[in-house]
Q: 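Next up is a structure, given as structure tokens.
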Amino acid sequence: MADSFDVIVIGGGPGGYVAAIRAAQLGLRTAVVEQDKPGGRCLNYACIPAKTLLRTAELYDDVANGGAELGIKVTKASIDWKALGDRRAKVSQTLSDGVKFLWDKNKVTMIEGEASLTADGNVAVGGETHEAKAVVLATGSVAIPIPGVEFGGRVVDTWGAWSLPEQPKKIAVVGGGASGAEIASAYGRFGTEVLLVEMLDQILPAEDKDMARVVERAFKKQNITISTGTPVENVEASEKSVKFTYGEASAEVDHLCVAGGRRPDTDALNLEAAGVKTDERGRIEIDDYQRTSNEKVFAIGDLVRGPALAHKASEEGVVAAETIAGAPTDPVDIERVAGATFCHPQVASVGLTEAAAKEAGHDLKIGKFKLGGAGASVVYDDRDGLVKLVVDSEYGEILGAHIVGNRACDMIAELVAVMDLEGGYQELARIIHPHPTISEAILDAARAVDGWAIHA
């Protein structure tokens with residue numbers, strides 16, 4: 001038997017590294033098993049690389065297409081693709097090093113390799129078995145291709161799209177959810193011709209229809225052609241291009257990116273032998289405190305129910321660690337996990353859409369306010385967005401909050417806080433917001449529920 005620990009976390013991504021740090025803070029002897037870099041897929045291949053390129057796309061678009069109006073004169077702006085790739089790698093490496101620093105600071109042991117559970121719930125890595133009083137599974141998810149298509153060559157997953165060696169002239173993105181929308185928005189603003197194909201009837205299908213419409217209008221100004229209600233079929237990839245059909249149309253592009261779905265990464269974990277049950281979608285079944293059917297084993301993040309979001313995984317890691325340590329904790333409320341999409345404009349939401357609230361039988365009041373009514377929107381060129389509140393008419397409970405705008409992903413936290421603290425739209429309508437900020441649109445959206453938005 002190799003070293004023994006109080007807690008072994010399998011996976012060093014946003015859920016796993018946070019779980020390990022919290023466990024160590026609580027005095028538990030902790031190890032993390034990671035077969036790649038600290039920070040996992042999020043920091044090295046997904047969230048962080050994506051946002052790094054999106055940041056460059058934002059700056060480039062501002063200067064290349066809006067600089068003159070802003071008073072910035074540029075003869076000709078261009079993209080240095082190699083420099084962009086170098087910065088993407090540097091940002092990820094910086095954050096990965098930061099995670100390793102925090103592990104070392106908290107005396108968390110890193111074990112390199114691929115891990116699996118033993119029948120008695122211990123952890124096997126590279127021919128050695130490490131004994132653990134508790135195990136946290138945090139291996140995340142992997143991309144799945146569309147039927148009849150395999151990844152390789154010019155057919156890429158999301159990481160493949162963010163790490164292309166050169167800027168394509170044409171790219172097709174299959175899947176109009178958060179990941180697909182971000183890829184389309186970045187490449188479109190870089191000047192690439194983008195085709196965004198979504199099988200359902202709207203892009204961002206998890207979002208409120210009013211929000212999706214705002215984004216669709218914005219995308220049409222970003223070199224993005226949108227096709228909804230059309231599956232991608234008849235894919236033919238060659239060394240130079242990819243041909244395919246979607247609905248009754250066809251296309252040929254430099255790269256085809258499949259951003260349509262992911263599945264739990266559990267192949268190596270040996271779940272069945274350890275008595276860890278999964279559902280029909282391959283997700284690990286858990287109780288409110290992240291405990292699996294094996295009471296010694298916990299699971300978090302993309303492996304379990306709820307949206308596949310890094311911030312959800314991190315909080316679940318805290319709950320798992322605190323439960324293992326016997327410390328006071330509260331379960332993660334899945335209904336209060338905000339969605340955040342960093343396309344341009346950004347989209348953020350929490351709670352129910354208007355359609356879902358109606359379907360649940362609520363009698364509704366709706367408050368809407370266009371960002372263009374806020375003075376700061378003119379200063380920051382953020383006039384196309386929208387704040388929408390879905391409210392129960394009886395007591396004023398905020399059932400859902402939805403924001404589209406350049407700072408939506410930062411703004412949504414206020415709505416989560418109000419909802420968590422059981423405040424209604426009436427309280428929100430009296431919270432003084434600093435001026436001039438885009439957040440003032442939230443204030444007027446709350447007032448709009450009763451028809452008295454000041455700046456509408």
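No experiment lies behind these values; they were computed from the predicted model shown.
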Q: Any donor and acceptor pair, going by atom type alone, linking the side chain of E128 with main-chain N or O of H130 inside 3.5 Å?
A: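 No, E128 side chain to H130 backbone: no donor-acceptor pair under 3.5 Å.
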
Q: Under the side-chain hydrogen bond (donor to acceptor under 3.5 Å, both in side chains) test, which residues partner T52, sequence neighbours left out?
A: none

Q: Could you report the tightest heavy-atom contact between V197 and T230, atom names first, then the distance?
A: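 In terms of heavy atoms, the two residues are closest at CG1-O, 3.1 Å.
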
Q: Looking at E58 and R55, is there a salt bridge between them, counting it only when a charged N and a carboxylate O are closer than 4.0 Å?
A: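 Counted as a salt bridge, because a side-chain N and a carboxylate O are separated by less than 4.0 Å.
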
Q: Show your reasoning for whether side chain to side chain contact (heavy atoms under 4.5 Å, CB included) applies to T192 and Q167.
A: CA-CA 7 Å; T192 294; Q167 182 181 352; 3.2 Å; yes

Q: When the ring planes of Y60 and F190 are compared, do they come out parallel, tilted or perpendicular, using 30° and 60° as the limits?
A: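 Because their plane-to-plane angle lies in the 30° to 60° range, the rings of Y60 and F190 count as tilted.
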
Q: Shortest non-hydrogen contact from I48 to S92?
A: CG2-OG, 4.0 Å

Q: Please report the shortest heavy-atom distance between I403 and M411, naming the atom on each side.
A: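 Here I403 and M411 meet closest at CD1-CB, 3.8 Å.
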
Q: Restricting to pairs with a member in residues 172-198, which pass salt bridge (charged side-chain N to carboxylate O under 4.0 Å, His left out), not counting sequence neighbours?
A: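 Counting only pairs at least two positions apart or across chains, the salt bridge (charged side-chain N to carboxylate O under 4.0 Å, His left out) contacts touching residues 172-198 are K51-E182.
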
Q: With a 4.5 Å heavy-atom cut-off, do L271 and T292 have their side chains touching?
A: no

Q: Can you check whether V156 reaches C257 side chain to side chain, under 4.5 Å on heavy atoms?
A: yes

Q: What heavy-atom pair brings V99 and P38 nearest, and what distance separates the two atoms?
A: CG1-CB, 3.9 Å

Q: What pairs with F244 under ring pair (Phe, Tyr, Trp, His ring centres under 6.0 Å), at least two apart in sequence or on another chain?
A: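 Checked F244 against ring pair (Phe, Tyr, Trp, His ring centres under 6.0 Å); matches are Y246.
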
Q: Just to verify, what does Q222 make a side-chain hydrogen bond (donor to acceptor under 3.5 Å, both in side chains) with, not counting sequence neighbours?
A: S185

Q: Which residue pairs pass the ring-ring contact (aromatic ring centres under 6.0 Å, His included) test with at least one member in residues 145-179, sequence neighbours excluded?
A: Y45-W159

Q: Does the side chain of I398 reach to within under 4.5 Å of the side chain of V418, using non-hydrogen atoms?
A: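 With C-beta onward as the side chain, the pair touches.
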
Q: Identify the heavy atoms of F298 and A134 that sit nearest to each other, and give their distance.
A: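 Closest approach of F298 to A134: CE1-CB, 4.4 Å.
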
Q: Which pairs would a plain distance check flag for residues 101-117, meaning a side-chain donor or acceptor within less than 3.5 Å of a matching protein atom at least two apart in sequence or in another chain?
A:
unit_1: D104; atom_1: OD1; unit_2: K100; atom_2: NZ; d: 2.8
unit_1: D104; atom_1: OD2; unit_2: K100; atom_2: NZ; d: 3.1
unit_1: N106; atom_1: ND2; unit_2: L102; atom_2: O; d: 2.8

Q: Answer yes or no: is there an ion pair linking D384 with R217, defined by an N-O contact shorter than 4.0 Å?
A: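 No salt bridge links D384 with R217.
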
Q: Please enumerate all residues that pass side-chain hydrogen bond (donor to acceptor under 3.5 Å, both in side chains) together with K368, with sequence neighbours excluded.
A: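 Checked K368 against side-chain hydrogen bond (donor to acceptor under 3.5 Å, both in side chains); matches are D210.
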
Q: Would you say that H433 contacts I431 through its side chain, given a criterion of any heavy-atom pair below 4.5 Å between the two side chains?
A: yes

Q: What pairs meet the side chain to side chain donor-acceptor pair (under 3.5 Å) rule with one or both residues in residues 298-308, with sequence neighbours excluded?
A: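 Pairs touching residues 298-308 that pass the test: S141-D302, R305-E316.
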
Q: Applying salt bridge (charged side-chain N to carboxylate O under 4.0 Å, His left out) as the test, list every pair that has at least one member in residues 60-82; sequence neighbours left out.
A: K82-D86

Q: Are any non-hydrogen side-chain atoms of V390 and T353 less than 4.5 angstrom apart?
A: no

Q: Compare every heavy atom of G12 with every heavy atom of V32, then report the nearest pair and how far apart it is.
A: CG1-CA, 4.0 Å

Q: Check each of T139, V276, V297 against L269 using the side chain to side chain contact (heavy atoms under 4.5 Å, CB included) test, and report the only one that passes.
A: T139

Q: Does the side chain of V149 reach to within under 4.5 Å of the side chain of V174, using non-hydrogen atoms?
A: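 Not in contact.
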
Q: Distance-only check: which donor-acceptor pairs under 3.5 Å involve side-chain atoms of residues 337-351, not counting sequence neighbours?
A:
unit_1: Q346; atom_1: OE1; unit_2: A408; atom_2: N; d: 3.3
unit_1: Q346; atom_1: OE1; unit_2: C409; atom_2: N; d: 3.0
unit_1: Q346; atom_1: NE2; unit_2: N406; atom_2: O; d: 3.2
unit_1: S349; atom_1: OG; unit_2: E207; atom_2: OE1; d: 2.8
unit_1: S349; atom_1: OG; unit_2: E207; atom_2: OE2; d: 3.4

Q: Scan for salt bridge (charged side-chain N to carboxylate O under 4.0 Å, His left out) pairs involving residues 252-270, sequence neighbours excluded, and state none if there are none.
A: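 Every pair satisfying salt bridge (charged side-chain N to carboxylate O under 4.0 Å, His left out) with a residue in residues 252-270: R41-D265, R263-D267.
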
Q: Just do the side chain to side chain contact (heavy atoms under 4.5 Å, CB included) check on I286 and L303 with the steps written out, would you?
A: CA-CA 10 Å; I286 56 169; L303 296 180; over 6 Å; no

Q: Rounded to the nearest 0.5 Å, how far does CD of E34 lie from OH of Y17?
A: 12.5 Å

Q: Any side-chain heavy atom of V253 sitting closer than 4.5 Å to one from P168?
A: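 When only atoms from C-beta onward are counted, P168 and V253 do not touch, as no gap falls below 4.5 Å.
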
Q: Keeping the roles fixed (side chain from N223, backbone from G188), state whether a donor-acceptor pair exists under 3.5 Å.
A: yes

Q: Restricting to pairs with a member in residues 405-417, which pass salt bridge (charged side-chain N to carboxylate O under 4.0 Å, His left out), not counting sequence neighbours?
A: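 Non-adjacent pairs meeting salt bridge (charged side-chain N to carboxylate O under 4.0 Å, His left out): zero.
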
Q: Does the side chain of R283 reach to within under 4.5 Å of the side chain of V304, using non-hydrogen atoms?
A: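 The answer is no; the side chains never approach within 4.5 Å.
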
Q: Just wondering, more than 12 heavy atoms not from R383 lying within 6.0 Å of its CZ?
A: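 No - once you tally the heavy atoms of other residues, nucleotides and ligands closer than 6.0 Å, there are 12 at most.
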
